[in-house]
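Please read the structure below before turning to the comments.
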4 protein chains.
Amino acid sequence: MQAWVKTARAPGGEIRKLPDPTPGEREVLIRVRASSVCGTDVHIWDWNEWAQGRITRLPMTLGHEVSGEVVALGKHVQSLNVGDHVSAETHIADGTCYQCRTGKMHICEHVQVLGVDRDGVFAELAVLPEMNAWKNDPKLDPALASIQEPLGNAVHALLPEDAVEDIAGKSVLVTGCGPIGLLAVAVARLLGARRVLATEVNPVRIDLARRMGADRVINPVAEGATALRTIRDETDGRGVDVAVEMSGHPASLRLAFESLTAGGRVSLLGLFDSDATIDLDNAVIFKAARVHGIFGRRMFATWYQVRGLLERSELREKMAAIITHRVPLGELPRAMELIESMQAAKVSLEARW
Amino acid sequence: MQAWVKTARAPGGEIRKLPDPTPGEREVLIRVRASSVCGTDVHIWDWNEWAQGRITRLPMTLGHEVSGEVVALGKHVQSLNVGDHVSAETHIADGTCYQCRTGKMHICEHVQVLGVDRDGVFAELAVLPEMNAWKNDPKLDPALASIQEPLGNAVHALLPEDAVEDIAGKSVLVTGCGPIGLLAVAVARLLGARRVLATEVNPVRIDLARRMGADRVINPVAEGATALRTIRDETDGRGVDVAVEMSGHPASLRLAFESLTAGGRVSLLGLFDSDATIDLDNAVIFKAARVHGIFGRRMFATWYQVRGLLERSELREKMAAIITHRVPLGELPRAMELIESMQAAKVSLEARW
Amino acid sequence: MQAWVKTARAPGGEIRKLPDPTPGEREVLIRVRASSVCGTDVHIWDWNEWAQGRITRLPMTLGHEVSGEVVALGKHVQSLNVGDHVSAETHIADGTCYQCRTGKMHICEHVQVLGVDRDGVFAELAVLPEMNAWKNDPKLDPALASIQEPLGNAVHALLPEDAVEDIAGKSVLVTGCGPIGLLAVAVARLLGARRVLATEVNPVRIDLARRMGADRVINPVAEGATALRTIRDETDGRGVDVAVEMSGHPASLRLAFESLTAGGRVSLLGLFDSDATIDLDNAVIFKAARVHGIFGRRMFATWYQVRGLLERSELREKMAAIITHRVPLGELPRAMELIESMQAAKVSLEARW
Amino acid sequence: MQAWVKTARAPGGEIRKLPDPTPGEREVLIRVRASSVCGTDVHIWDWNEWAQGRITRLPMTLGHEVSGEVVALGKHVQSLNVGDHVSAETHIADGTCYQCRTGKMHICEHVQVLGVDRDGVFAELAVLPEMNAWKNDPKLDPALASIQEPLGNAVHALLPEDAVEDIAGKSVLVTGCGPIGLLAVAVARLLGARRVLATEVNPVRIDLARRMGADRVINPVAEGATALRTIRDETDGRGVDVAVEMSGHPASLRLAFESLTAGGRVSLLGLFDSDATIDLDNAVIFKAARVHGIFGRRMFATWYQVRGLLERSELREKMAAIITHRVPLGELPRAMELIESMQAAKVSLEARW
């Protein structure tokens, strides 16, 4: 089979001809129908500092967002059949650690990540553990099926485990409208939020945020110090009930906390290049704020929510709009470029070479 | 002022000319702009067994669902002004009991109910405690504003306090499509439910349930034993995640529990004429089901949710459709008749005599 | 090896000589160090109506509560070693159903139960799935280690999943002081309950309930109608915050609901011989009560709690007191008799024949 | 009456003879039986930077922790009588803002604090709003009754609103053993924590932390980089489930997050002199940590918990041990000195002049 392989501790990757993989006893082999590019893939492609520290195993097939059709089963697989359409949950958990045994498999102590710790999915065929192969409605567009994982991130950030208060009738701020932020805007809208506000600087994404249903998209660079006032004006002067930080940008972090009403909650998903500086007294303590670190998706409570939400055509249409480019998998370098130049929101990779 | 007054321990009521009431120190006087009829009002009008045991104070002005304009303030009122548009929260709490002091004011130990324990709102003017006068968007149609309380019941049943799991992407069954059941269908739809199923026998309400967004409305009398299978077929064979019992009918109660997936939850709001018979082992224990008794609305967490949801035109339009009849308040007996004959869903009372 | 085997669809069982079992790939073989008798074992021994309907696979080794030492590993076992001391979680889950994938493995759709659906542990050797072999502190008395499962039931009933409110400073009523009820009293005490009340009729158990730390043990038959008043007097007239129903008796069920303060919660664990009759309006709806069906233990959140609590010598001493009899496994019929004649609380089975 | 009054925008305070105060309509007048000194009082006494910015109203009677006997009632008081023994909840809420109306009165938008925004309790008599006068068991030692408020802080930090997971069987770390930290150690012990670890540098407090029941007290200055290893060794290598930050010290904050197991939670109560620096990626996001800002106590869910816990003689004895000094109120400057010189844990003020 053909696959995009990282062969050297340097930027880029190359197409290699590899033997077809064989699934282990509790694994399945899938024929890739669509895949998509995540920010992590770009970091590994670019071989940035994080990637240099994190990636230890080369050569390695790249990629983790995927949907495909099951073409072979390991001998102990119980819950899947050849012909099933599946997507991947990227986090491969050990199933036996403290976290796995207490309903927190997504933060497994020994988690392995597809395309980071083991061979990924930018290939003609890929192997997935049975547990990580999520069965889809066969009628679901493979391109949408492939971006269920970032959709799961967005749902998880809005509805973390142990969040007693949902977002029905609440005000929500999403800081940063990359693909996950855009999906968060769309999902918040779908879940009955009263007001959905977003921040973003890139014009393509600002436009998309509006299409996702944001009541107002604030450009924090352009608005500067008035951004906070705008948010308060939109929320009866109280601030938002829920802030979802998707940018990893210090100024957005500050805005998220300042915008929060007392007793509100903040979900942090965007990663920060360096230590953050927070006025904990005013941002968290006096406000009795709750902060949720968001990593991955609940396995698999979030996936069931995602499946349910995907039955709404309104959401499928919005997801399709986020896929600004569809590129053959064989042209992966072009996909990388589209993302790095900020022209694209989500790039879908078609199973063509 | 004119008011509909229950004067005798017998069916019916009469229009009386009463002195204009004066608000107490922490009360407001409102001019009624719209009111609406709840099942409780019908019981009191009919003077059924429940009413005979419950009502002790006559003569008493009837009614509790209302919206109006503040026309006078008690001297210690802080949060309202003359001219504000308000609706009533019917449950008047003492503010100092265990329940009130622990966030459960809606089940205050000494709760007093408008139109049940003290003078109600089917009148030209009405007095409300400041705490119970909920400020509305002045642009909200007074008829819709008056039925916020049953809307709050529906939201509360779907999202009870202490329900960790919301209904995003979940399957929901609503048994019984009176006005609150219909609103529950509409709200479940608005909150991102995957599948909304409903049961009802009355053709008018069956039709309305479909307009509210039910994926499927089951007539349990017509379908009989196949109703359960229908529900399972609609839910991957698993049953629903959330059942909301609005009918007070033993067969619906049984269906609600039988339809529930293991680990699901049931909200009980409909009142039962007599003791219920439940197979607790299979309905609750082996299933690890949770059951929530639903009384009133969270004061005022639910009201804030209601306010937020009412900003969606989709919901306002559905609420308007539930108001099958608009009748002058002076013709209250006709409104009662429309409800008792099952011709109406919700009857709105216009402030005309 | 020797084992107690149910050989016929009739009361009783017999000691058989069986070949030593071999663990599957993800199973372990243990040498039994202690086991104990649960009510379910008695039902199967007696071949009562429930057992006749439930048990389909004979011959079958009896028993499910056990502790032992790992003596052999299946080839894919990762988290255990020969020599480890383990107890059994009786519920063998499939790991792939909706419930298993959403943190509710204890109510797996295809759960198999040791000693009910497959060979149990009243034997010299027993096979456990790796997932179900819970590693113990090797210093823990094997007899106590064997009754961790009912201890888990008690902890689960007091702290169900999704119970936002714990029992710190709360009033708790335990109806029915069989072994699990007794453990619930001890645990409630350990978790900072303000008042722990219990009901029981058997004098041996009444005495034990006091030793577990109950502030007051009520004999509902002797006290009759005053039982409710006693409970209210002990709780500032308000009733208890948490009721834990362990008896399966209709009168206890009624008392549990009547004793509950508005907004309180009830856990149901005791099984009922027939349908229960409940005044839902007053017991659940007007009170805004929550009801939790309790089946098994959270896998494995409850087990971690159990491990933590077992570090307290106070709890270990109380557990030891509940073991009223220690009988050689070879004399199982005598153990059954001790339980049926209500002389025993918990009977521990020593690994002697 | 005599009272300690802050008269000038400068360090210190003075005893003044003031007219006896009169309670408003929903207020009570109490005769002070005991009071106690909180860190906030020291800041105001010292007139530090925070106090200079926060205090606007002079002259003002100092102090807020108090217990006393009701000696006069405002005319609309319903729930208290002359002769009742009460303690003060210091946060005076408006009752009508968003936070107050959604069960978060402790973070009222317009909160007024006794001894900060209005006259306090270091006096012979004091006025409290009815709502803020918490009725005590008359047998409770007035000195202990006065420190219920910091006890409430400790309980609140361990059991925040919306914390689905309690601490039964969990590992807990308390960083900083001032009076609230010490109480947190004692309460964690009382609630069935598996392991209670604490950090502290002051020898008096280290000794007290042990008496409160800490399994291990770590001196982070003496232990340095090994502190983290010690904590992991005490917790099966996993880290603690719950960290409670009581010190306001940057190094403790870092240790609290580093010690946390993935999926654990941190409560922040100690205030920080300046912005904190946090590695959010590793401390919060990858760990899926939850952070709770803790301000005051839940009004009044925490108070009911406190009342329940205070029935345990074990806790009362520990609280008494924390009161290292009992000083006449007339000698307030000496009390201040004892605290500032770190000789005291909690200083109780006797009602003598």
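Everything quoted here is computed from the prediction, not taken from an experiment. Per chain, numbering begins at 1; letters A, B, ... match sequence-line order.
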If the plane angle is over 60° it's perpendicular, under 30° parallel, otherwise tilted; pick one for B:His156 and B:His106.
-> perpendicular

Classify the ring geometry between A:Tyr304 and A:Trp134 as parallel (under 30°), tilted (30 to 60°) or perpendicular (over 60°).
-> perpendicular

Taking the side chain from B:Gln148 and the backbone from B:Ala145, do they hold a donor-acceptor pair closer than 3.5 Å?
-> yes

Residues A:Glu234, A:Arg216: salt bridge by 4.0 Å N-O rule | yes

Ignoring hydrogens and geometry, is there a side-chain-to-backbone donor-acceptor pair from B:Ser267 to B:Leu158 under 3.5 Å?
-> no

So which residues of residues 176-198 of chain A are in contact with chain B at a heavy-atom cut-off of under 4.5 Å?
-> A:Arg189, A:Leu190, A:Leu191, A:Gly192, A:Ala193, A:Arg194, A:Arg195

Measure from the side-chain N and O atoms of A:Thr261 to the backbone N and O of A:Arg238, and report whether any donor-acceptor pair falls under 3.5 Å.
-> yes

